[in-house]
Number of protein chains: 2
Amino acid sequence: MTSHEAPPPARATSRDVARAAGVSQAAVSLVLGGKWPGRVSAAKAEAVRAAARELGYRPNLAARSLRTGRTRTALLVVPALTTEFFARVYTGAARIAADHDFGVVLYPSPEGTGPARDPFASASAALDGVIASSMAAGALTALRAAGLPLVMLDSDPGDTAASAAVNLDIADGVRQLAAHLTGLGHRRITHLAADVDSWTFAVRARALRAALAGLPGAVLHRQPTALSVEAGLRAAHTALTGPGPRPTALLCDDDVVAAGACKAVRRLGLRIPEDISVTGFDDLALAVAVEPELTTVRLPAEEFGAAGMRALLAVLDGTPAEPPALPVTLVPRGSTAPPPAANATRPGGR
Amino acid sequence: MTSHEAPPPARATSRDVARAAGVSQAAVSLVLGGKWPGRVSAAKAEAVRAAARELGYRPNLAARSLRTGRTRTALLVVPALTTEFFARVYTGAARIAADHDFGVVLYPSPEGTGPARDPFASASAALDGVIASSMAAGALTALRAAGLPLVMLDSDPGDTAASAAVNLDIADGVRQLAAHLTGLGHRRITHLAADVDSWTFAVRARALRAALAGLPGAVLHRQPTALSVEAGLRAAHTALTGPGPRPTALLCDDDVVAAGACKAVRRLGLRIPEDISVTGFDDLALAVAVEPELTTVRLPAEEFGAAGMRALLAVLDGTPAEPPALPVTLVPRGSTAPPPAANATRPGGR
DNA sequence: CGCCGGACGTGTTACGTATAACGTCGCGGG
DNA sequence: CCCGCGACGTTATACGTAACACGTCCGGCG
């Protein structure tokens, strides 16, 4: 390291680099900017680069933004970061962003009540664009009004406010899950459905209904629940102790809910998967931490965030190509098996 | 696909506000800046505020930063965001930051090998200060060199590079945990210790050793493990099947590891807590998702992040007051009980 | 030989804000 | 009466960068 003196490191400016390299400040900008390839001779360009390296030059981003009007910063709006899923979405988005010298700043949409804090004040950064989960309904109205490029994650295709949309093929995941359960012989299924008004959950309910529609004897119930272990426990208890024949499978909208459901099943003296099958969604770390491990649908969370960022970059480049829905995969594990009443015609559990 | 003809509302500037209010641009800055209270008459000040509201004026942050030299942005360096713990730390830090018109941008230190990406390039934002977990060793050297105010989270007090430090009272948590286990009658304890070279984990090992030092018959072993369910499973298996008398309690450095340990215990045909007690650390959502629920040490993750941000703000204000260590609390749950060999002199399990 | 045009650099400007420096005005004390 | 001072406003400037608009030099073509 060279910058030994200068207790206040007094960041080098492009003018300092220019002086050191014996050129004008404009030349420094031309060289380091990367555009205008042939604009400066190779010799001087190299001198500039050397001087910049020597001085540890870092362009002043505030000045650059002021000049260019762009900030190379995107806002990621998520319902709540404390969930592992969105932490992974962020990671994926940030990775792609970094490859393009972009930053990602988070806006965790306040889950509780109260007036949503102004997303822009809160972000305390000027933004080039926004990537928003459809689950963060609260903050969306303010964002739409801003006129910024907006990429929606898992949103209603009919929503026209977005500049682009990236979707997971949730419906296909539900179909795989339904096929898995019905293939095992399950007919009475209760859907522990997230009580969140969001496209991604609406689609699950619809796809599930469609998947079971043609099947003789299929009975589908719906039990709303919040997205927590405890809420899942309560919902499962309600579903299992209600009137009518007991379901043989609980299809949960989230691994966390499924974990709660497992606890409820056991508290009723029932076994998983022998008496009741339970399935989750997302494939969080939690899915393999509980016993038995959860049959679940793996959502490519990081790739989801990455795709969102790519879409935003494309929009900013003026080349918005609509990406296909991201595939999801069923991960069969120990929490599903043929129902007790099923005859042994299908030996294939686990 | 909307912003085609780019009717960008051409963000209002302070000069526009000045014109609308019939004052000079400087007056606008004086009024909206909030400092210099008596500098402008109440009447004109109100006119300025009204005009600003009317035009939807938002100060250009790039210009402000360029002028003031500060950005009101802090960098939070975490080992990996996908862990619930650090997601909560972020949330706490962001909350305090928002109260002071600060933003928080994340730098997830690359966990894998490879040269750590430049934190500053990656953040793509100019920074006023840094809050860093001691677990993110990789990125620290570059950060120290930057000469930015640096607040360390859970770091060695001997480390002098930091402007301030915020610590959890981890040692006390370990003491509580050890007292809980020995009080139940446990004497042979194996520590499933994180194989991460970080102050916070070193302190756990040391405190545990100290807590068991005076106890006759106490036997403490150490089994290193990575921080994942699977690694915890393997480590617990090793610990339980090794030579010598089997431990009666597994003290894990993390809830995730404890979850893995539980699985190992059961695969060996042993019961929790009757045969083996297992304890975790952190009190993540996962702790109550597994069965039995984990006895663990609750770390105030959000408050931890909030305290870090407060400390950074204090440093920036020039009033760095050293905060006390944040208290942690033992949460006894179902995964601990007296060991099999213990006589019934102490009836108090759960 | 004169002129044109490409290659290579440089001077200059503007981005929007915060604030130092500089008036101006009215009033009260000397 | 005049000076000075406090209250109120304004003018001017600088922050560091990107990029436009000009040169200047030189080789080649008519």
Side-chain angles (χ1 to χ4, degrees), chain A residues 8-49 51-52 55-73 101 120 124-128, chain B residues 8-49 51-52 55-73 101 120 124-128:
Chain A
R11 282 264 295 270
T13 75
S14 62
R15 220 175 305 267
D16 296 330
V17 175
R19 192 161 20 230
V23 298
S24 72
Q25 179 269 331
V28 174
S29 192
L30 290 177
V31 171
L32 300 184
K35 331 173 182 184
W36 321 113
R39 210 58 187 69
V40 172
S41 67
K44 296 220 169 188
E46 192 41 53
V48 167
R49 272 186 279 268
L55 296 176
Y57 170 66
R58 280 174 190 297
N60 181 316
L61 298 176
R64 171 177 294 173
S65 292
L66 180 58
R67 180 62 230 237
T68 62
R70 1 221 67 164
T71 58
R72 305 194 80 76
T73 299
D101 286 316
F120 303 102
S124 97
L127 305 173
D128 281 353
Chain B
R11 281 264 294 271
T13 75
S14 62
R15 220 176 304 267
D16 297 331
V17 175
R19 191 159 22 228
V23 297
S24 72
Q25 178 267 332
V28 174
S29 192
L30 290 177
V31 171
L32 300 183
K35 332 173 182 188
W36 322 113
R39 209 60 185 69
V40 173
S41 68
K44 298 220 167 188
E46 192 41 52
V48 167
R49 273 185 281 268
L55 296 176
Y57 170 66
R58 280 174 189 298
N60 181 315
L61 297 176
R64 172 178 292 174
S65 291
L66 179 58
R67 176 65 227 238
T68 62
R70 6 220 62 172
T71 58
R72 305 194 82 74
T73 299
D101 286 317
F120 302 103
S124 95
L127 305 172
D128 281 354

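All of these numbers come straight from a predicted model, not from anything done at the bench. FYI, side chains are in, hydrogens and waters are out, and symmetry mates aren't considered; it's all heavy atoms of this structure.
- Comparing A/Lys35 and B/Leu66 by the nucleotide of DNA chain D that holds the closest heavy atom to each, the one mapping nearer the 5' end is B/Leu66.
- Distances from the side chain of A/Ser41 to the nucleotides C/dC8, D/dT11, C/dT17 place C/dC8 closest.
- Whole-Å rounding puts the B/Arg58 CZ to C/dC15 C1' distance at 19 Å.
- The side chain of A/Ala26 lies closest to D/dA19, out of C/dT17, D/dG16, D/dA19.
- Between the CG atom of B/Asn60 and the P atom of D/dC15 there is a distance of 18 Å, given to the nearest Å.
- Within the model, atoms CG of B/Asp16 and CD of B/Gln25 stand 10.5 Å from one another, a figure rounded to the nearest 0.5 Å.
- When distances are taken from the side chain of B/Trp36 to each of C/dC8, C/dA20, D/dG16, the shortest belongs to C/dA20.
- With rounding to the nearest 0.5 Å, the separation of CZ in B/Arg15 from OH in B/Tyr57 is 10.5 Å.
- Between D/dT17 and A/Ser29, no contact under 4.0 Å exists linking OP1 or OP2 to a side-chain N or O.
- In this structure, B/Ser65 contributes its side chain and A/Ala62 its backbone to no donor-acceptor pair below 3.5 Å.
- Following rounding to the nearest Å, B/Arg64 (CZ) and C/dT19 (P) show an atom-to-atom distance of 9 Å.
- The nearest whole Å value for the distance from the CG atom in A/Leu61 to the C1' atom in D/dC15 is 14 Å.
- The CD-P distance, from B/Gln25 to D/dT13, rounds to 14 Å in whole Å.
- B/Ser14 OG to B/Arg64 CZ: the interatomic distance, rounded to the nearest 0.5 Å, is 10.0 Å.
- Looking at which nucleotide of DNA chain C each of B/Thr13 and A/Arg39 is closest to, the 5′-most match is held by A/Arg39.
- Residue-level contact check: B/Gly38 touches the backbone only, with heavy atoms under 4.0 Å from sugar-phosphate atoms and none from bases.
- Put simply, A/Ser65 has no side-chain N or O that comes within less than 4.0 Å of OP1 or OP2 on C/dC15.
- Within 4.0 Å (heavy atoms only), A/Val28 reaches no atom of the nucleic acid at all.
- Taking atom CZ of residue B/Arg70 and atom P of nucleotide D/dC15, one finds them 17 Å apart after rounding to whole Å.
- We find that CG of A/Asp16 is positioned 13 Å from C1' of D/dT17, with the value rounded to whole Å.
- The CZ-C1' distance, from A/Arg67 to C/dG16, rounds to 13 Å in whole Å.
- The side-chain heavy atoms of A/Val48 and A/Val23, taken from C-beta on, include a pair separated by under 4.5 Å.
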